[in-house]
Amino acid sequence: MSRMGELWRKTVFLVRRRQMERELAEEMRDHLERKAAKNSMAGMSDVEAGYAARRQLGNLALQQERSRANWGFTALESLAQDVRYGLRGLRKSPGFTGVAILTLTLGIGASTAIFGIVNAVVLRPLPYKDANRLMYVWTISPYFPQYHMGQSKPNIDDIQKQNRSFKTLAIYQSVKLTLTGSDEPVPVSAAAVSADFLNVFAIQPEVGRGFVPGDDEGKNHNVVLLSHRLWQSRFGGNPHIVGQTLILNDKPYSVAGVLPATFSFPDKTEAWVPLIISENDRLHRRNWKFYAIGRLADGAAVRTAQAEMDKIAGQLSREFPQENDNIQLLVMPVRDGLVNQAAKSQLWILVGAVSFLLLIGCANVSNLILSRGVQRRREIALRAALGASGGRILRQLLVESLLLALLGGLGGLLLAGAGIMAFRSLAPGNFARLDEVHLEPAVAFMALLVSTLAGLLSGLAPALHTAHSDVNMALKDHAASFTPRRLWLRTFLVSSEVALALVLLTGSALMVQSFSRLMKVDTGFRTDHLLTARVAPLASRYPSSGARHLFVAHLLEALRGEPQFHGAAISEYPLLNGDPSLIGLEPGYLGANVKGITLEAQMVSPGFFETLGIPVLSGRSFNDRDTEGSPPVIMINNAMARRFFPGQDPVGKVVKLMTPKDHYLIVGVAGDVRDVHLREAAWLEVYFPLLQVPYSSLRVMVRSAAEPLALSKLLQQCVWSIDKGQPLTDLSSMDASIAELVAEPRFRTWLLSAFAVAGLALTLIGIYGVISYSVNQRTHEMGIRIALGAQHADVLRLVLQQGIRLALLGAAIGVAGSLGLMRLLTSQLYEIKPGDPLTLTGAALLMLVVALSASYIPARRATRVDPIEALRHE
Amino acid sequence: MVRSASKSELLPGTLEMLILQTLTRGAMHGYGIAQHIQEISDDVLQVEEGSLYPALQRLLVKGWVKSEWGTSANNRRARYYTLTSAGKKQLDVEAGNFERMVHAIARVMQTT
């Protein structure tokens, strides 16, 4: 209750402030007079009495202020006062304010943008219910341990029967469907999913129904679920969409429902159909083609699920040693699967780099504030003499720094917004969770946080330094009171800048070199002037294998007949897709100690090797006579030849593979091709003639003389000449596809280099600032030196040496830091070591050059000091 | 840097207690309070008289005294402070604490 009364009184006094001040002044004056009167009566002269009275009353101004402190809410008021005062001060020095705010905008903007991206991609949970309980279940083969493979139908059935850790398990496959019916056939990214798929995600459709048991057995009534986006874009959000029939891949599908806008799993899927499993897939335990995903049972943890899967894996391996030889089952949270470890470490590297940039910016601003503090030392000393406590002055200085930082933060927020938008358009399309990155309140909050931190960081040291300067010396305005000894703080700041900038520089130099080496990699085939496209003859139109092979033969003929195509080839799988197709090698056939090995398989038409420029090292390549009726033949690549037939010629040997036909004759050996990842050496690969084996879709590749995409229409016409209803999708040039592959590392390298350049520029400014300041302070000293006979060269050397010394100290720390930190980059670097001495030396040398150039102008200024002027101004 | 130590030898916080005690004798203005403390304590307690005023303002805000403008003996306008009932209670509390503290110090000093 008394608190209420107190608050009330405080408010009243605040409102009646002027009156209260008047009354208090009157009171104190009255007291003074009485005291003086008393002193006079005690025998002092009037003048003395007055002085004595003043002394006895003490510091009236201070007491008045203390009294005033009881009216109103002091803390807030004095804070408001600090803010007003600070803003006024900033307005009065536009140069300082401008540079400081710009530097802070750059640092805060870049940091906030990156933090925003990291938050959306790495930290935020997926938009599904209890998303952290969604798990992938991968198969890992001991022969390709770095690849996560899916499940085969027999395996997943057993897993489902034997496990207790998962509440629901489902499998799915990505499929590409063609929607026909309107003017042009439209490609649709779709997923074929098992019945429980939607239950795994606990998703309810927003229109219609989901999948029900029996949907995956429907032979006549196929159903499809549409994505919200497809429903809006293609069907105008038609509320009566349920029940409508669509023609997908020449088959009728009835729309059963529409899924909500937030759901799009797997990435970018527009439609979901029931997964119908072929006989082949039902039988073969080694066809690990279906991705498995599940929701953990209530109370089960990842660890227990993994332990259970390990047990099941062991069992499967023992029961089916041929197909499941030593497999492992890996339980992986879906979040980690979408944003894999590599992507995460790349983002954290960017976070580290941008933090360095922010720190460099703060160091520069810190130095600026220090300089300004020196200019204001008289003002601050005056305030101290008038009775301000050290804490009060410190607080005011900190408030000013925070003001600067918040203003910089405003600019930074705008910059971050622009940065995030730029990121969305420039980042490669396959960047994980790209859609979820946008400007949002969390970003603004982050900007605020970063600004506050930056402000405190920049302002604290200078504030402490300035607030404790010697009052007497300051009031006397003695230039020599700031001896070089006082430079330690600035030296520390600038040296740290140099160190940080050097680390950034080294990192970006390593990345740039790594990237350029990656680009120069020899893929083993000619990638230039190659037009590629995908053609998927539908099973409904070409039901028999004979018909399908006829299609290929006719297409090849049409392509060869076109004079503008200098070579034509067809294969089943695209090159450099990152997604190898694998088959198994019968264990024991090629030697006693050869266990079951998984090979990469590719199906190619005649002309493949010639068109792509892949050398045939021995034997022959496929020709038109390798068809269904003739003996099964294969070609192997050089890696396989070296591995299984060292020192011999494999041509003529017979190999047994785990496919329907047992034995294959090797007719030729082809040169190695890097066709999975640019970074990886060629896999063990075997080629089948396209005309001898079944296929599901085709990649057409033609070589052109000029720009490949110019011939797209021509290619389309060739295909239409065989079949008018056959759409061509994924038209691209090979070079463009490769560029897309490397778009992500290229983007990151560019970003890192931008940070390094910005850091270097800021450091240059920082060094210039400190040397310039030092030269100003040493004007007196320079004057003496010149008067005593120092030449221009001597003075120049003196100043430049100071600059170099600064840089050397920072560079030494920077090099040490680089050696330590660059190890973190190892996974990102291609064919260059993190401790590469050439790069480190180059970066350090560059830093010294920067220091020299930054010191040059102040050095010139020092040589032009007029000794007489300098000596005159004490 | 100017140190903010007041000149009086008072233990911190006792100034307000002394003011409250002084006002039990009746309404008084600031000068009068200062005089009284000095006289009664035989000049031992030298209060920096200016520091009286912030203390009085604080007591006002806390509601332990109230003030009124009136005329003094020699026809001058002066501000008179009186103790409130809440102030009386506060005085009892503070006096009690002070006594306890003094006794504790005395006990420690007695052990030789």
Side-chain angles (χ1 to χ4, degrees), chain A residues 1-14 20-21 23-35 37-38 53-72 380-381 383-393 467-472, chain B residues 1-8 10 15-16 19 28-39 43 45-81 84-90 93:
Chain A
M1 190 54 214
S2 58
R3 297 291 282 169
M4 293 289 295
E6 199 179 322
L7 266 152
W8 170 249
R9 276 184 288 268
K10 272 196 174 183
T11 322
V12 168
F13 288 174
L14 178 64
M20 305 284 291
E21 278 183 25
E23 289 183 356
L24 183 67
E26 190 183 331
E27 226 181 332
M28 290 176 113
R29 205 178 30 219
D30 180 58
H31 191 137
L32 202 61
E33 280 168 11
R34 287 181 201 250
K35 201 77 195 192
K38 180 157 172 240
R54 279 218 143 73
R55 267 200 307 275
Q56 279 156 333
L57 248 58
N59 185 346
L60 277 183
L62 186 59
Q63 304 299 10
Q64 268 178 333
E65 202 167 292
R66 289 241 191 90
S67 310
R68 274 201 288 271
N70 284 301
W71 311 329
I380 293 181
R383 299 187 79 200
L386 278 176
S389 68
R392 184 81 171 71
I393 294 183
H468 290 301
S469 41
D470 192 344
V471 172
N472 267 327
Chain B
M1 265 309 139
V2 175
R3 273 172 54 241
S4 52
S6 68
K7 289 220 201 80
S8 80
L10 286 182
L15 180 59
E16 292 177 7
I19 296 174
M28 243 188 256
H29 51 54
Y31 180 73
I33 298 175
Q35 286 296 98
H36 182 259
I37 293 178
Q38 204 170 327
E39 279 166 18
D43 278 353
L45 294 177
Q46 299 278 0
V47 179
E48 185 189 72
E49 294 176 12
S51 64
L52 223 48
Y53 289 96
L56 282 167
Q57 287 300 320
R58 186 159 175 271
L59 292 172
L60 266 175
V61 167
K62 288 267 180 190
W64 295 332
V65 306
K66 53 180 198 283
S67 72
E68 235 178 10
W69 282 91
T71 349
S72 73
N74 38 4
N75 255 344
R76 296 167 93 128
R77 215 169 93 94
R79 188 187 206 161
Y80 285 88
Y81 295 90
T84 63
S85 49
K88 191 130 201 344
K89 285 202 207 97
Q90 180 65 17
V93 169

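The figures that follow rest on heavy atoms only: side chains count, while hydrogens, waters and symmetry mates do not. Chain identifiers are assigned alphabetically (A, B, ...) following the order of the sequence lines, protein sequences preceding nucleic acid strands; residue numbering begins at 1 within each chain.
- Here the closest non-hydrogen pair linking B:Leu60 and A:Arg9 is O-CD, 3.3 Å.
- Proximity of B:Gln57 to A:Leu24: side-chain heavy atoms (C-beta onward) are separated by under 4.5 Å at one or more points.
- Most heavy-atom pairs under 4.5 Å with chain B, from the set A:His31, A:Lys35, A:Glu26: that is A:His31.
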Go through B:Gln35 and A:Arg34 one step at a time and tell me if the side chain to side chain contact (heavy atoms under 4.5 Å, CB included) criterion holds.
CA-CA 11 Å; B:Gln35 286 296 98; A:Arg34 287 181 201 250; over 6 Å; no

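- Heavy-atom distances place both the backbone and the side chain of A:Glu23 under 4.5 Å from chain B.
- Atoms CG and CZ, from A:Asp30 and B:Arg77 in turn, are 10.0 Å apart once rounded to the nearest 0.5 Å.
- Using a 4.5 Å cut-off between heavy atoms, B:Arg76 touches chain A through its side chain atoms alone.
- Within 6.0 Å of the CD atom in A:Glu65, the count of heavy atoms belonging to other residues, nucleotides or ligands does not exceed 12.
- Closest of all the heavy-atom pairs between A:Met28 and B:Gly50 is CE-O, 4.3 Å.
- In plain terms, the two heavy atoms of B:Tyr31 and A:Lys38 that are nearest each other are OH-CD, 3.3 Å.
- Other residues, nucleotides and ligands place more than 12 heavy atoms under 6.0 Å from the CH2 atom of B:Trp69.
- Taking 4.5 Å as the limit, every side-chain heavy atom of A:Gln64 sits out of range of all side-chain heavy atoms of B:Tyr53.
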